Amino acid sequence: MAGSCSNHFLIPLLILVTFTTYITSTSAARPVVARGTNNIEFIKTSCSSTTYPKLCYTTLATHASVIQTSPLLLTHTALSVTLNNTQSTYAMATKLLQSRNLSPGEVAAMHDCVEVLGDSVDQLRNSLGEMSRLQGSNFDLTMNDIQTWVSAAMTNEDTCTQGFSESKAIIKPVNCNYGSRINCGDVKNVLRGQVVNTAHLTSNALALVNNLASTRG
């Protein structure tokens with residue numbers, strides 16, 4: 001009788017433990033999935049207000065685990081991605097400037113482009129440095145500095161793009177080693193495309209900066 005009574009209570013207990021374990025394991029898993037989904041949706045929604053939303057989403061979605069749902073981290077990441085891209089474009093333009101196949105006019109145009117891209121790198125680096133100071137009573141002043149720097153960087157990139165548009169010549173450097181995506185038959189147009197992409201990233205970053213500023217308006 002004692003064994004029967006023990007079994008009578010043991011079986012429901014085992015069922016309860018099994019069911020509790022199942023609920024606990026599935027509940028623990030759900031927040032991870034939901035959190036990832038929310039991060040992606042947050043980025044997609046935030047990017048919808050930018051000038052180039054598809055570019056914004058594709059460049060930031062890979063950083064979703066870092067960004068989470070923070071407007072501050074989203075903006076910081078956008079600026080960081082833009083800075084890295086601008087530095088690569090600046091390096092490409094600097095290398096192209098060393099080509100032997102440039103005419104004097106093209107050398108002057110390329111020199112101007114390299115100069116303004118260098119300024120863009122400095123301005124974006126300054127804006128990133130100020131992001132850590134977006135606290136307290138200095139928020140508005142600091143944000144204004146960031147907006148000014150990012151806007152100036154975009155203007156510089158547009159200046160470089162316009163310089164390419166005014167030049168009709170095709171530049172074919174003797175030594176072309178800019179990566180597998182580069183067509184050495186027309187490096188100028190490839191670089192122009194890179195500058196345009198950089199300008200679009202900067203435009204998106206500025207839009208996100210402005211959105212962040214509006215949260216404290």
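Residue indices begin at 1 and follow the sequence shown. Only a predicted model underlies this, so the values are computations on that prediction, with no experimental measurement involved.
- Residues in residues 41-72 take part in these disulfide (SG to SG under 2.5 Å) pairs, two or more places apart or across chains: Cys47-Cys56.
- Side-chain contact between Met92 and Val195 is absent, with no heavy-atom pair separated by less than 4.5 Å.
- The stretch residues 56-67 participates, sequence neighbours left out, in no side chain to side chain donor-acceptor pair (under 3.5 Å) pair at all.
- For the atom pair His200 NE2 and Asn197 CG, the distance stands at 7.5 Å (nearest 0.5 Å).
- Put simply, OG1 on Thr148 and CD on Gln123 are 10.0 Å apart, with the number rounded to the nearest 0.5 Å.
- Between Thr86 and Ser120, the shortest heavy-atom contact is CG2-CB, 3.9 Å.
- At a threshold of 4.5 Å between non-hydrogen side-chain atoms, the residues Asn156 and Leu117 do not count as touching.
- Smallest separation of non-hydrogen atoms from Ile67 and Phe42: CG2-CE2, 4.0 Å.
- Between Glu157 and Thr198, the side chains place no donor N or O within less than 3.5 Å of an acceptor N or O (distance only, hydrogens not considered).
- Here the closest heavy-atom approach between residue Ala205 and residue Thr82 is recorded as CB-OG1, 3.8 Å.
- Between atom CG of residue Asp145 and atom OG of residue Ser127 there is a gap of 10.5 Å, rounded to the nearest 0.5 Å.
- Atom-to-atom distance recorded for Tyr90:OH and Asn85:CG is 15.5 Å, nearest 0.5 angstrom.
- Atoms CE and OG, from Met154 and Ser151 in turn, are 5.0 Å apart once rounded to the nearest 0.5 Å.
- Not counting sequence neighbours, the partners of Asp122 by the side-chain contact (heavy atoms from CB on, under 4.5 Å) test are Arg125.
- In this structure, the separation between CE on Met143 and CG on Asn210 is 8.5 Å, given to the nearest 0.5 Å.
- The minimum heavy-atom distance between Leu83 and Val121, with the atom names listed, is CD1-O, 3.6 Å.
- Linking Ile, Leu, Val, Met, Phe, Trp and Tyr residues whenever their side-chain heavy atoms come within less than 4.5 Å leaves Val114 and Val116 in two separate clusters.
- Between Pro53 and Thr50, the closest side-chain pair of non-hydrogen atoms falls below 4.5 Å.
- Among all heavy-atom pairs drawn from Ala153 and Leu124, the shortest one is CB-CG, 4.0 Å.
- Between Met131 and Leu72, some side-chain heavy-atom pair lies under the 4.5 Å cut-off.
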* Would Ser46 and Asn211 satisfy side-chain hydrogen bond (donor to acceptor under 3.5 Å, both in side chains), going step by step from the backbone distance to the final call? -> CA-CA 9 Å; Ser46 300; Asn211 289 347; over 6 Å; no

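- Exactly one of Val66, Ile40, Leu74, Leu55 qualifies for a side-chain contact (heavy atoms from CB on, under 4.5 Å) with Leu60. That residue is Leu74.
- Considering Ile146, Val209, Leu134 as possible partners of Thr75, the one that fulfils the side-chain contact (heavy atoms from CB on, under 4.5 Å) test is Val209.
- The main-chain N or O of Ala199 is never found under 3.5 Å from a side-chain atom of Ser203 such that the two would form a donor-acceptor pair.
- Between Leu128 and Ser80, the closest heavy-atom pair is CD1-CA, 3.8 Å.
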